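Beneath this line is the structure, given in structure tokens, with notes to follow.
Because the structure is a prediction, the values reported are computed rather than measured. Below, chain A is the first sequence line, B the second, and so on; all start at residue 1.
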2 protein chains.
Amino acid sequence: MSLSDLFGGDPVVSGQQVRIEPTQQRSTARLSGLLDAAAVVVDEVGFDRITTAMVAERAGASIGTVYRYYPDRVAVLQALRERAVLRFRQRVVEQLRSSGPENWWDAVDCAVTAFVDLYRSEPGFRIVHFADRERTPISGSEDLESGYFARQLAGVLAEEFGLHGGPELIFRLEVTVEMADSILSRAFHSDPNGDERFIAECRRVMRDYLVGYYGPVAASV
Amino acid sequence: MSLSDLFGGDPVVSGQQVRIEPTQQRSTARLSGLLDAAAVVVDEVGFDRITTAMVAERAGASIGTVYRYYPDRVAVLQALRERAVLRFRQRVVEQLRSSGPENWWDAVDCAVTAFVDLYRSEPGFRIVHFADRERTPISGSEDLESGYFARQLAGVLAEEFGLHGGPELIFRLEVTVEMADSILSRAFHSDPNGDERFIAECRRVMRDYLVGYYGPVAASV
DNA sequence: TGCTCACCGAGCGGAACTCGATCATAGAAG
DNA sequence: CTTCTATGATCGAGTTCCGCTCGGTGAGCA
């Protein structure tokens with residue numbers, strides 16, 4: 001099981017999201033263009049105020065085009081979120097590859113770095129929190145929930161760094177993900193560049209929490 | 001500075017929220033009735049699907065009455081959230097009074113208990129997370145942010161249990177609040193009664209985090 | 001030269017929100 | 001204790017705006 005298998009993956013999610021899978025080239029550009037526009041608009045006016053007309057206009061498309069690809073307004077937001085989550089996972093893989101972690105903490109740290117980087121650079125990235133809390137009965141695919149990422153990460157930590165896997169590890173990673181998500185969000189709440197104090201504290205909290213269960217970082221290589 | 005001064009307080013928040021402060025008796029009943037209705041409807045259909053017409057009908061009021069008090073749809077949700085936060089603070093005070101904490105951890109634990117209890121019993125309480133993440137430019141009052149509660153709690157812990165106060169304590173409590181909020185929300189994500197495993201882990205995380213800075217619980221009495 | 005995919009945007013239905021008419025209440029006046 | 005009345009409170013039809021549809025038009029592929 002390689003890293004790319006774990007995190008990269010294909011956009012499995014699109015199954016329920018997009019009405020019509022684009023066949024021609026220009027349409028795929030439209031599709032991403034719509035999401036780009038949505039990302040910018042979300043940053044400007046927020047979740048509640050965003051309208052499909054705004055997205056269409058910003059993307060240089062007509063309102064009908066939006067609905068050709070997405071069944072409704074929230075589907076656009078969900079697709080944007082899916083793309084953000086996907087990019088996050090891809091970024092984690094890049095980060096792992098480029099930094100070459102020597103122990104499990106380095107690997108976890110890569111995820112934090114990826115998250116912070118994307119929060120800073122990717123428009124609309126804060127959407128990753130949207131609909132987290134919302135009750136989503138038919139949420140289509142399940143690889144958007146924090147549990148999915150926790151499971152994937154558990155696989156890496158167990159196989160690559162010898163952490164004892166199983167449901168315990170998954171559970172603790174899910175707790176870790178929730179903590180990190182909230183503290184990092186807080187870091188960006190008022191500071192668009194991310195309050196370093198919260199970011200640093202987030203790393204510390206995660207590390208201490210996991211060390212409590214899996215021992216010092218050095219010993220687990 | 002008494003506990004009730006710290007947490008009880010008056011609904012300072014209403015200043016920007018309500019269009020017209022009710023003067024007659026029946027109107028205050030209407031106001032809370034509207035929020036009661038909104039709470040139930042939120043639990044039933046979620047944030048996105050809730051309509052002002054639903055709230056009005058459930059409250060036995062006309063649509064015009066809703067807009068007499070609230071400028072728009074989201075204002076109703078915000079007001080509901082304000083009330084939930086207020087009730088949480090009041091519940092914390094009750095909890096502190098009835099349980100008589102002997103050390104700082106007992107006091108913190110009271111807050112967790114209050115939160116969990118309300119999540120279980122109070123309709124629409126999960127709204128406390130709504131608009132947390134949302135950019136709220138003119139969010140009216142600031143005693144809804146986690147920082148406010150952290151400051152209040154810091155006051156109690158410093159004065160009552162001798163913890164060293166100041167910005168450090170406030171910062172750590174804010175981190176603690178964010179962590180607890182996210183983990184507890186996760187506990188109620190799929191289990192309406194709250195997954196005890198996450199709740200217990202939340203307590204452990206908070207305790208370990210604070211103990212790391214302020215020493216063992218017993219020693220700090 | 002068709003044939004299908006992609007796109008457009010006027011139009012429809014419904015939800016958010018307004019506003020003048022109507023009812024209820026508090027408190028003054030007798 | 002009863003009017004009386006000013007004003008708060010309520011109502012709900014109507015207006016505006018937004019989510020979404022659908023038939024018609026243009027662009028790419030064979």
Side-chain angles (χ1 to χ4, degrees), chain A residues 14 16-38 40-42 44-81 127 130-131 134 136 138, chain B residues 14-38 40-42 44-80 130-131 134 138:
Chain A
S14 308
Q16 295 292 347
Q17 286 309 319
V18 181
R19 278 178 153 176
I20 287 180
E21 207 66 27
T23 59
Q24 298 183 7
Q25 264 202 350
R26 59 169 173 167
S27 62
T28 47
R30 263 270 184 262
L31 208 49
S32 60
L34 285 174
L35 292 188
D36 291 342
V40 174
V41 175
V42 157
E44 283 179 3
V45 304
F47 302 130
D48 298 331
R49 308 294 182 190
I50 193 174
T51 71
T52 50
M54 290 179 189
V55 176
E57 186 190 359
R58 186 60 66 105
S62 83
I63 185 67
T65 301
V66 174
Y67 286 95
R68 172 171 179 78
Y69 294 109
Y70 300 104
D72 60 11
R73 197 185 70 103
V74 293
V76 178
L77 276 327
Q78 278 184 349
L80 181 59
R81 179 160 183 265
I127 196 144
F130 147 83
E134 182 65 34
T136 48
I138 318 113
Chain B
S14 308
Q16 294 292 346
Q17 286 309 322
V18 181
R19 278 177 152 177
I20 287 179
E21 206 66 30
T23 60
Q24 297 183 4
Q25 263 200 351
R26 57 171 173 162
S27 63
T28 46
R30 262 270 184 264
L31 209 47
S32 60
L34 285 174
L35 292 188
D36 292 341
V40 173
V41 175
V42 157
E44 283 179 3
V45 304
F47 302 130
D48 298 332
R49 308 295 181 191
I50 193 174
T51 71
T52 49
M54 289 179 190
V55 175
E57 185 189 2
R58 184 64 64 108
S62 81
I63 187 67
T65 301
V66 175
Y67 286 94
R68 172 174 177 81
Y69 294 109
Y70 300 104
D72 59 12
R73 198 184 68 103
V74 294
V76 178
L77 277 328
Q78 279 184 348
L80 181 59
F130 148 83
E134 181 66 33
I138 318 114

Answer yes or no: is there a side-chain heavy-atom contact under 4.5 Å between [X] and [Y]?
| X | Y | answer |
| --- | --- | --- |
| B:I50 | B:E44 | no |
| B:V76 | B:L34 | no |
| A:V55 | A:T51 | no |

Which atom pair, heavy atoms only, marks the closest approach of [X] to [Y]?
| X | Y | answer |
| --- | --- | --- |
| B:G33 | B:A59 | O-CB, 3.9 Å |
| B:R49 | A:D72 | NH2-OD2, 4.4 Å |
| B:A79 | B:Y70 | CB-CE2, 3.4 Å |
| A:A53 | A:I63 | N-CD1, 3.9 Å |

Rounded to the nearest 0.5 Å, what separates atom OH in B:Y69 from atom CZ in B:R30?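 Separation between the atoms: 8.0 Å.
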Roughly, in whole Å, what's the span from [atom1] in [X] to [atom2] in [N]?
| X | N | atom1 | atom2 | answer |
| --- | --- | --- | --- | --- |
| A:Y69 | D:dC20 | OH | C1' | 17 Å |
| B:R68 | C:dC23 | CZ | C1' | 13 Å |
| A:L34 | C:dA6 | CG | P | 13 Å |

Does the protein touch nucleotides 11-21 of chain C at the base, only the backbone, or not at all? Give it as B, S and - per nucleotide, heavy atoms under 4.0 Å. -----SBB---
Starting at the 5' end of nucleotides 23-30 of chain D, put B wherever the base has a protein heavy atom under 4.0 Å, S where only the sugar-phosphate does, and a dash everywhere else. ---BSS--
